[in-house]
Amino acid sequence: MKIIRTKNALRGEIAALKRAGYVIGFVPTMGALHAGHLSLVEHARTFCDKVVVSVFVNPKQFGPNEDYASYPRQEAQDLEKLSSQAVDVAYVPEVQEMFPEHFTTRVHVGGVSEGLDSITRPHFFDGVATIVAKLLLQVMPDVAVFGEKDYQQVKVVKRLVQDLDIPVRVEAAPIVREVDGLAMSSRNVYLNESQRKIAPRIFQVLQDTAEKIKSHPGAVQAQLDWAKAVLKDVGFDVVDYVELREAESLHPLAEWDTNARLFAAAYLGKTRLIDNVAVDVE
Ligand code: AMP
């Protein structure tokens, strides 16, 4: 595995791979890698000959009171995991390489970025769109793979790529979970023992709510209110949202009559967990 730290070196390597005729897959990450990230590498491999993974904790997607400084960083372990997964290129740029002193551009994707995560994280999707645009233009992959764990992010990236005519196919891979159902996340290490026991309830509540919506398709709001109350009851400190949205456009749904996605975000202490499940018509 080649470890590359500058965009110039990356461009050279990618050009050589393209000249050799390889199809290139790309998986952007913020590191602290777990099986969810590695599943994206596997997913990329089903379409591609060579896989590039970036590890970069993107300062632009963290708000001023968020966890940028304390976000888990474990480069040596990450590189070991990527190497044992037979990744071809690990791209690990420094912040200065990505955002030099006079950097001022910000990419804003409208529509799908509204609501859900952007309510409590107003900086988040501009930060994501900016870094993803840069990474895609640096790597120029044939296929880029993102996880449905961050479902709204997948939609933002798809819109970005279409609107800016970036020639890449965006693929979404399913959520990888712990045995008790908790969606894997680099932030799960923040949870203490009692919070870790409560955490999987977010997935259970989403599954139960999805069933209730299927049985009462005309009364979605009542089921969402029920879900929020249960999350509070089982020990979540703050519930950001529980919402049902149309699966592609992410338009809010007051009635369930089409393929939909049910989303939740809630805090255990300072740790914010997100999860989502499909609520598809048969
Ligand atoms: P992150 O390092 O958290 O920015 O995530 C990098 C990529 O991995 C994103 O496309 C995430 O959606 C994806 N990802 C993170 N956790 C999971 C998971 N549990 N299952 C599937 N994909 C995931």
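All ligand and atom numbering here is 1-based and tracks the order in the structure.
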Considering only non-hydrogen protein atoms, determine which one is nearest to [atom] and report residue, atom name and distance to 0.1 Å.
atom                    : value
atom 20 (N) of ligand 1 : V176 N, 2.9 Å
atom 6 (C) of ligand 1  : P28 O, 3.4 Å
atom 21 (C) of ligand 1 : P174 O, 3.4 Å
atom 4 (O) of ligand 1  : M30 CG, 3.6 Å
atom 10 (O) of ligand 1 : G147 N, 2.9 Å

Where the closest heavy atom to atom 8 (O) of ligand 1 is concerned, which of D150, D78, V128, L40 has it?
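The nearest heavy atom belongs to L40.
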For atom 3 (O) of ligand 1, which candidate among E148, K149, H34, H37 holds the nearest heavy atom?
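Result: the heavy atom closest to atom 3 (O) of ligand 1 is in H37.
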Of the non-hydrogen atoms in A86 and R45, which two are nearest, and what is the gap between them?
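Shortest heavy-atom contact: O-NH2, 3.1 Å.
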Close N or O approach ([X], ligand 1; < 3.5 Å):
X    : result
V145 : no
F146 : no
A183 : no

What atoms of ligand 1 come within less than 4.0 Å of a heavy atom belonging to [X]?
X    : result
M184 : 16 (N), 17 (C), 18 (C), 19 (N)
T29  : 2 (O), 6 (C)
I175 : 20 (N), 21 (C)

Full working for side-chain contact (heavy atoms from CB on, under 4.5 Å) between Q195 and I198:
CA-CA 5 Å; Q195 291 169 334; I198 299 168; 5.6 Å; no
Flag the pair R261 and E246 as a salt bridge only when some basic side-chain nitrogen lies within less than 4.0 angstrom of an acidic carboxylate oxygen.
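So R261 does not pair with E246 through a salt bridge.
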Validation row: F99, I131 side chains within 4.5 angstrom (heavy atoms)
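In short, these two side chains touch, coming nearer than 4.5 Å.
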Sequence-distant partners of D180, side-chain hydrogen bond (donor to acceptor under 3.5 Å, both in side chains), two or more places apart:
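Counting only residues at least two positions away or on another chain, D180 forms a side-chain hydrogen bond (donor to acceptor under 3.5 Å, both in side chains) with R196.
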Is [X] reaching over with its side chain to a backbone N or O of [Y], donor-acceptor style, under 3.5 angstrom?
X    : Y    : value
Q152 : G115 : yes
R73  : Y71  : yes
K232 : D237 : yes

So, 4.0 Å and heavy atoms of A32: is ligand 1 close enough to count as a contact?
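No.
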Are any of the heavy atoms in A35 under 4.0 Å away from ligand 1?
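In this structure, A35 fails to qualify as a contact of ligand 1 - no heavy atom is under 4.0 Å.
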Any pair counted as ring-ring contact (aromatic ring centres under 6.0 Å, His included), so long as it reaches residues 135-178, sequence neighbours left out
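Qualifying pairs, neighbours excluded: Y151-F263.
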Using side-chain contact (heavy atoms from CB on, under 4.5 Å), reason through I175 and D275 one step at a time and then give a plain yes or no.
CA-CA 9 Å; I175 302 175; D275 204 344; 3.8 Å; yes
